[in-house]
Structure formats: structure tokens, C-alpha cells
Amino acid sequence: MSESRAGADLSPRYDPSGIEPVLYRRWLERNAFHVEADGAADPYVIAIPPPNVTAALHMGHGLNNTIQDVLIRFERMRGRDAMWIPGTDHAGIATQNVVERQIARDGLTRQDLGREAFVERVWEWVRQYGSTIISQLETMGCSCDWERTRFTLDEGLSRAVREVFVRLYEKDLVYRGNYIIHWCPRCHTALSNEEAEHRDVDGRLWHVRYPLADGDGHVVVATTRPETMLGDTAVAVHPDDERHRGLVGREVALPLAGRRIPIVADEFVDPEFGSGFVKVTPAHDPNDFEIGRRHDLPEVEVIDGDGRMTGDVPGPYRGLDRFEARRRIVADLEAAGLLEAVVPHAHSVGHCYRCDTVVEPRLSLQWFVRMQPLARPALDAYRRGDLRFHPERFGATYEHWLTNVRDWCISRQLWWGHRIPVWYCRAEGCGGTHVSREDLERCPACGGEVEQDPDVLDTWFSSWLWPFSTLGWPDETDDLRVFYPTHALSTAPEILFFWVARMVMAGLEFVGDLPFTDVLLHGTVRDARGRRMSKSLGNGVDPLEVVERFGADAMRFTLVSSAALGTDLQLDHEDLESSFRVGRNFANKIWNAARFALGHLAADDVERRPADLDLELADRWILDRFGRAVDAVTDGIARFRLHEAAEEAYRFVWNDLCDWYLELVKGRLNGERGEASRAAAAGTLAFVLDGALRLLHPVMPFITEELHCHLPGRTTEDTLLFGPWPDGGAVPRSAEAARAFDALQEVVGGVRRLRADYGIDPGRRVDVVLVDVPQPLRTAVEQERAGLLSLARIAELRFAEAAPAGEPGAHLVLAAGGELFLPLQDLVDLERERERVAEELERLAGLLAASRGRLGNQRFLEGAPPEVVEREREKAVSLEERLVRLREKRASLGEA
RNA sequence: GGGGCCUUAGCUCAGCUGGCUAGAGCGCUACGUUGACAUCGUAGAGGUCACUGGUUCGAGUCCAGUAGGCCCCACCA
């Protein structure tokens, strides 16, 4: 089973496609993602936002699930019992639409099949395709506890739904009534306020004359929906409107309808708008509905569930589509000379969030949940600080919505979903309404026949229970006791109201505790032009394609690192390489760094601790850097600043480990400086490499696991999944090594810059003289001499008290103190040297002036923190020293 | 109409509690295969941190306003 491999046989190019599926299978085989309530001492739980069963995996899922997996893997490595509950949502309207379209190909409607057969048909569809999206998460490396996969229509979850409905009913928090709701004439169902998406459209405002019924004259009303006038039952004016006071109580003759309707006074009317008259259509407008109730007006329905004019309208319009009726009515009004004006008018119109049809406000008998009593505790939890949003600003949005909640219309005229657990008695004289946890056969009151409410519940009525219904609620299960409340919830901001706020309410109301403590809102994935990715635009990026071409790790790293939480991120669907090359190249970099290291490490090297080694400057430096990286990455993930964590890990691996440390210890690893030195370098390298793989594992699980298993002495039995996570406090730090190394880097950088400036052949090794350099730079240079020679392509490196007199060369004054001299003989360009010195002089003089200004300011000295002042002093001293040297240089170079 | 956000290098973005001589990746320029990596290396160019005021010893960072852009909520016909 176990297999040990040396590093040398790794390919120079990282190929994720052959590795990722193997590792994932291995993880599943060891059942690594499953957690039992029994014995889970320190659980960390995330409930996945269940994707619609009909959904195809897109980049939004890619981003969201990467975020969750990073958190889960991080906590698992930290030793917690990290458990991630996966699952899907039955998505009432969406799924029903899919299957309706499917059977339509055979010329069938759901009515043709009948309810039972249709629902069975949907189940078939779900069984066949429903798990696709979930299994695709495996490709991305998501470490979900697959044994716990749930579906919102599962038996257990359905029981939770019923329990909740009954409890709400018993507390009088759910009621049934005739109100204006958003109606989708295509889906034939009611929608909640949140499901009607309002968009500004360029409409028109038609000004229509309504003649007074008795006597001359007319009033002018303005409307954006002339077709509703057939349902007008009044005209309203503001009670204080001086102009029209005399008209209140009189009647107008409703054109085209041949009815007389009263003029009423109502506060709702804005006297400033238009003529000050409002037509009142109680059955088709929420405001008018209120006015109607206040004045006891009739509610005349003129548009039916199909969006057609009803039989209650005059003959010519009967049965017409609402928009066709609008055209006809406008034409007829015009012909009758009643159309006073038509003006362009931008206004917002509701659209069905599923099929984009213009929704119709419609009077209809529906079930509602009273939200205010539920909202208060949800608001309090946030205000107490028990519920946190990341980024914080979304808290304001949450608060705003909760303080203005309106009742939630939960009944849907669909077949696919949880049927409303209400039975109506058909018996004469009884007619009772019964809400029940169990199906009813007979009326509990009279024993008569009962009929169940035909409607189903809004999909979100099951989703809002997700964090606890998935754990077995309403039963008091071990799972519920151990894993609830969950910890983080990661989702898109657009479902803050649909889902997040409602889950908070449900958790507090039904379980008595918040469902989670931290809400992460990620940004929207957009294309290169900033457009939202969508099927219709064809600009989507398929995560599976990205995984195939670049690897899951590359995708995950790119997604996590390219924008802060809450910030939208752009991906170019036409040039995937430009988007994902960062992650792919980084994976390749890690791969090759490890490949190199593995070629030089023995099993013993991996066993050693830094404390056992005879550390040199470079070793102490990289350990110091590593310790800082551990702290930064840990802090970044713990604070949900994932992009910072990713960036810190990237910096450490690429800029510190690869660019400097590896280059510096190549000779030592080959034994050039003896066994003790080799062992120190090898032991340090093994330690920081192992640690770097750990730091990166939450974001890049595959490549890190693969390399981990390749370390000397390790086998495929080994795994990074359970940590341990590196302990930053246990890594030896050395501020002194950090300072000394900074100076070394400056020397190397200086030589390289001078070489580039003078166009020195890269193959040519130069001599370098370090003039008058202070400690600790002097010792550092001596210690790392060999590495410096190779990094800066130096032939000889020597110290001097003063610059070699009369020798032509290039100078550089070091911030670390002293100066660097490159004897260049023929190559040196005096004019160029003068320019360089002059520019540098000017730049530093400017900085010194600013620094002196600060230090000369008494208020700065008193007001600023002591360490800031101290730093400023050191800066000024250093600048002064460098300026002195530069001036000497200038003098020695003479005038141009 | 209400609420929130954004405006930092050619592009995409960092910059949390004010101390920055403002960073990264990509792109660009020049040079380079010194056996981990050309999915690479070295050096470099490139920014009045949208604008105007204010607070402060000190503002990319806080406050107010202006301009432009985005998002969410909303029943002004």
C-alpha cells in the first residue's frame, strides 16, 4: 500500500490532472471528512448554502465553496472536529420549470399528467441529475462530510418544515388572507416581495380625463397602467388639497367601463404629483388596496392569473392579454378624446426572479408569516455583537432590512415543494381549518371529509431551517446538541434577506440560538468587462474547465487571492490563462522548489528541529521570516481575510524561500561548507518547506498533500489533513538576523543594479569592495560570503577603510551604512556617476528635510507614540550619514 | 425616495485600529538558459492615492461637501 518516493523523479512541470483525483479518492477512502457527534470535542461546523438541484456549477459556487473549504481545512488542521454539511435545495419554481419544459417537448403540460404523476416525474429528474452539482464540488477539492448530504425535501427536513408551520400557526405568527401579492402570470404563482425583482424601465405616464358624472368638467388622473382603469372603484385626492376640496363626495363616470365611481379623500395622495388625482384600483395595486379598505370600496378584479382581462370587463377587452388590452384601451381613450397627454416616464417594474416575466400585483388568498416578532431578536443579536458580518458594512444592510420587514408570503401555487399542512373541512356547517403535523384523513372536529390546501410552501421556507434541520431538528439529536450552532456562513450578498436574515430568525425562534456567528459575504464574479456572468450572456467560466486546464489548486488560489471578501472579482472568459496563470504558476513554483529540496534532503534532515542545528545567518533569517508568515497566515484566515493569508503564504514561498534562501544554501546543501553546515541548511529547509506546505494546504490542498507525501521518510499513508497547523510561537525568531539579512539583500541588490546600469555582461564576475561598513553587516557578509558571490556574480569581495584612491568605478551609498564600490576601469562613465549621485542626493535630502521638520516639531515629539519618534530619529541619522558620503562622492567626481 | 459601497501604477486589486520613502500580480522595457522552476531569473519604467475643504504634530487611511460609477431596498400614481 504505502509507497516511498524520492524527489528526483518528479516532473519539472507540475501536472495536477494526474494527481488530484488520486488524492481525493485517498481522502475519501480514509473517510477523512466525516465527523461523528460522539466524541467531537471541539467542533467547527459550516452548513453549505445548498445549491439548487437544477444548478450547474459556476464560478460563484467555485468562489463560495473554496472559501468554505479553506476555513474547514484550516480548522481541521488546527485539531478541531471540522464538519461541513453538504446538500441541495429543491428550488420549487426553478425545478418545476425545468421539468415542465422537459415534458413540453412531448407536448404535455403538468395538468395533463396530474399532480401526483408530475411530482413523481420531478423526483425522477432529481434522482437522475440532482447530485451532479454536489459531486462537482469534489473536483474542486471540497472536504464535505458526504455522509451527511441533505436535500430540502428529505423526509427529516420535511418534518422540520411541518413542525415550524404548526408552531407558527399556534403562535398566530402565520395567517391566511386576501392581500395584494406579486403574481407571476407565467409561473402561475404568488411570489414574495424578495422574489419580485424591481427594475427601472422606460414607460409612459398616460393622463386620462374622467368626466364628472353630474354636470360639466372632468378630472385628470395619471397612470402607468391604463388597463387597470377598468377595475377602478374610486378617484382619490388629498384631504387638504384646496383645489379639489369641493369635488370630494361627487362622482365621475369611468370611461370605457360605464360605471360611476366616487371621489374620495385620502392622505396617501401626493397633491404635488400630476393633477392631484389618483385613480384607485384596489384589486391590482397595493396602495390602492389600502385606500380601498379605508374607504370600503369594491375590489374589482380585471386581470386574471394568466395575465388576461377577466370576464368582468366590457366585452371588447374581455380575454385580452394585459398588454394588448393596454394598447386597445389607450387607442379607445384617444378616440374618445379623453387622452390628455402621454409623457415618457421611467419607473420600476417587478419581474419574476425565475422567468423574468413582468409580475402583476394581484389580490389573492395566500398564507403569510408575521415577520416583525421574529425580526426583533434577530436584530438584537446583531446589535449585541453576537452575529458578525464580514465585511462589516453588510451589517447595516441587514439592520435596515430587519427594521423594515414586511410579512412574508409563503404560499406558492406550485406542485413541487412542501405541501401546506392545512386541511379544510368540506362538511356543511363545519368548514373548519385544521393545521396538523400529521396528514389528516377526516375532520378532527366533525369527522367530515377534509381537503388539503393545494399550495406548497416557498422554497425558502425550508431553506431558512437549513442549519438545524440538517442536524435532525425537531428531534433533540446528538448532532444538534454537538454541532449547533454552526460557525461560519459564506454566501453571496444578494441572498442576505432571502436566506441569511431568515435563518437567523428561525434559529433564534425554533432552537433558541443563533444558527452561526460569522457571516461571510463574497463578491460577484464578473467578466473582463465587469458584467455579471450569466448563461444568457454566455460569458460564464466553467470551474470544471478551469480545473482541467490549470488544476483545482490554481483555481482556488486565484479565486481566494484576487480580491478581498465582499469585493467583486473579474475573470476573462475569453482568456482564462490571463486569469488563472497566477495560481498555476505559483503551484509550479512550489512544485519545483520542493523538487529541488527533495533532491537534497535525507530522512534524517526531516526529523531535525531547528533547535538541534548549528544555525547560520541565512537559516536564522528564513526561520524568522517563516515564523512571521505563520502568524500572518493564521491571523488572516482566523479573521476571514483570506486574500491576505494567501498573499502572505505566496510571498514567503516565492520571495523569501525561493528567491533568497534556496539560492543561498545551494552550496551548503552540496556539502561545500562541511557537514554541520549542510545539516543546518537541510534541516532548516526541511522544516520551513514542511511548514509552508501546511500553511498552503487550506487553499491548495492537492499539491501540498502530494509533496508532503514525497518528503523523505513519508509515504502515501501520511497526510496533511489533520495538521498539525504550524505554531508560530515555536518558530525561533531573530530580529538581529532579520536586520543583518536586510543589509545583505541591499548589498546584493546594489551590485545587481550597478551591473545592470553599466551593462556588465551577466557572465562576467566583478570585484566588489565594501567600504567602511559597520556591524552587523560586516559579519553578515563574512558569514554568507559564498552565497553572495554567487547571487551577485561577484569574483572577489573585500573590505576597505576607504574607497580605493584614483581607481575608476561605481559607487553606492548603503542604507545599512558604509558604501559599496565596484572597480570598473574602462567601463565607468563619469557623467553617469555624477548624475546618479546628484539624483540620489536630491532624493535623500528631501527625505531628510521632511524628517527634520517632524523632529523639530515639539508637538510631534510630544504627540506621537515614542516608538514612532524613535524610528524617525534613526531614519534621520541614517539619512545624514548617507548624505555625508554622497557629498564626498560628488566632490571626488568633480564637476561635469 | 431611503440605505450602503466604490474611485490608489496601462489592467485587476492590497493597503485592517492615521506614522508610507504608497505595494502585489499581470502587462510593458532591457538583459539573461549560472542544472529546482522560461509556468523562470535580474534590473527598470510607471502613481499630485477622483476633486475641494476640514480635523490632526502627521491623512491613501478620519469628517464634510463636489463629480463620476456600482449595489441593495422602496407602494409615489
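Computed from a predicted model, the values in this text were never measured in an experiment. Chain letters run A, B, ... following the sequence lines, proteins first and then strands; every chain starts at 1.
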Separation between the [atom1] atoms of [N] and [M], rounded to whole Å:
N	M	atom1	value
B/C49	B/A9	P	10 Å
B/A64	B/G4	P	10 Å
B/C26	B/G19	C1'	31 Å
B/G10	B/C28	C1'	8 Å
B/U52	B/C70	P	24 Å
B/G25	B/G2	P	44 Å
B/U48	B/G60	C1'	12 Å
B/C37	B/U42	P	15 Å

Quick one: label [X] by what it contacts on the DNA or RNA (base, sugar-phosphate, nothing), any heavy atom closer than 4.0 Å.
X	answer
A/Pro865	base
A/Asp568	sugar-phosphate
A/Lys279	nothing
A/Asn857	sugar-phosphate
A/Ser578	nothing
A/Ala864	base
A/Arg793	base
A/Trp206	nothing
A/Thr567	sugar-phosphate
A/His345	sugar-phosphate
A/Val582	sugar-phosphate

Closer than 3.5 angstrom, by distance alone: can the side chain of A/Asn592 be matched with the main-chain N or O of A/Pro12 as a donor-acceptor pair?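 The answer is yes, because a donor-acceptor pair under 3.5 Å joins these two groups.
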Between A/Arg549 (side chain) and A/Leu576 (backbone), is there a donor-acceptor pair under 3.5 Å?
-> no
Of A/Pro12 and A/Arg752, the one whose closest nucleotide on RNA chain B sits nearer the 5' end is A/Pro12
When A/Gln570 and A/Leu844 are each assigned the nearest nucleotide of RNA chain B, the 5'-most assignment goes to A/Gln570
Whole angstrom is fine here: how far is it from [atom1] in [X] over to [atom2] in [N]?
X	N	atom1	atom2	answer
A/Trp591	B/A38	CH2	C1'	19 Å
A/His400	B/C73	NE2	C1'	6 Å
A/His198	B/A74	NE2	P	6 Å
A/Phe860	B/G18	CZ	P	15 Å
A/Phe389	B/C72	CZ	P	17 Å

Check this for me, if you would: do [X] and [Y] make a salt bridge, where the nitrogen-to-carboxylate-oxygen distance has to be below 4.0 angstrom?
X	Y	result
A/Arg529	A/Glu574	no
A/Glu840	A/Arg843	yes
A/Lys875	A/Glu872	yes

Kindly say if [X] contacts the phosphate of [N], meaning a side-chain N or O under 4.0 Å from OP1 or OP2.
X	N	answer
A/Lys666	B/A36	yes
A/Trp654	B/G41	yes
A/Arg406	B/C73	no
A/Lys589	B/C40	no
A/Arg859	B/C57	yes

Closest listed nucleotide, where the reference is the side chain of [X] and the choices are [options]:
X	options	value
A/Arg854	B/C37, B/G4, B/U21	B/U21
A/Cys658	B/G25, B/A36, B/G4	B/A36
A/Arg871	B/A74, B/A36, B/C20	B/C20
A/Asn588	B/C40, B/A14, B/U39	B/U39
A/Arg843	B/G27, B/G19, B/U21	B/U21
A/Arg526	B/C71, B/A74, B/C57	B/C71
A/His643	B/C75, B/G15, B/C37	B/G15
A/Asn585	B/G32, B/G4, B/C40	B/C40
A/Val868	B/C13, B/C37, B/G19	B/G19
A/Phe497	B/C73, B/A14, B/A74	B/C73

Item to check | Matching residue for A/Asp568 among A/Arg526, A/Arg531, A/Arg532 - test: salt bridge (charged side-chain N to carboxylate O under 4.0 Å, His left out) | outcome: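 The passing option is A/Arg526.
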Scan every strand shown for a Watson-Crick or G-U wobble partner of [N], both distances under 3.5 Å, and answer none if you come up empty.
N	value
B/G41	B/C31
B/A50	B/U66
B/G18	none
B/U55	none
B/A9	none

Taking N and O atoms by type only, does the side chain of [X] place a donor or acceptor under 3.5 Å from a partner on the base of [N]?
X	N	answer
A/Arg13	B/C37	no
A/Arg753	B/U42	no
A/Glu663	B/A36	yes

Item to check | Pi-cation contact, A/Tyr650 with A/Lys589 (under 6.0 Å, within 45°) | outcome: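 Here A/Lys589 fails the 6.0 Å and 45° test against A/Tyr650.
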Tell me which donor-acceptor pairs under 3.5 Å the side chains of residues 632-642 of chain A have, and how far apart each pair is, sequence neighbours excluded?
unit_1: A/Thr634; atom_1: OG1; unit_2: A/Val630; atom_2: O; d: 2.6
unit_1: A/Thr634; atom_1: OG1; unit_2: A/Trp725; atom_2: NE1; d: 2.9
unit_1: A/Asp635; atom_1: OD2; unit_2: A/Arg639; atom_2: NH1; d: 3.0
unit_1: A/Arg641; atom_1: NE; unit_2: A/Glu644; atom_2: OE1; d: 3.3
unit_1: A/Arg641; atom_1: NE; unit_2: A/Glu644; atom_2: OE2; d: 2.9
unit_1: A/Arg641; atom_1: NH2; unit_2: A/Glu644; atom_2: OE2; d: 2.9

Practice prompt. Return the orientation label for the A/Phe557 and A/Phe586 ring planes: parallel under 30°, perpendicular over 60°, tilted otherwise.
Written response: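 Tilted, since the angle between the ring planes falls between 30° and 60°.
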Sequence neighbours excluded, the answer for side chain to side chain contact (heavy atoms under 4.5 Å, CB included) partners of A/Asn287 is A/Phe268, A/Asp285
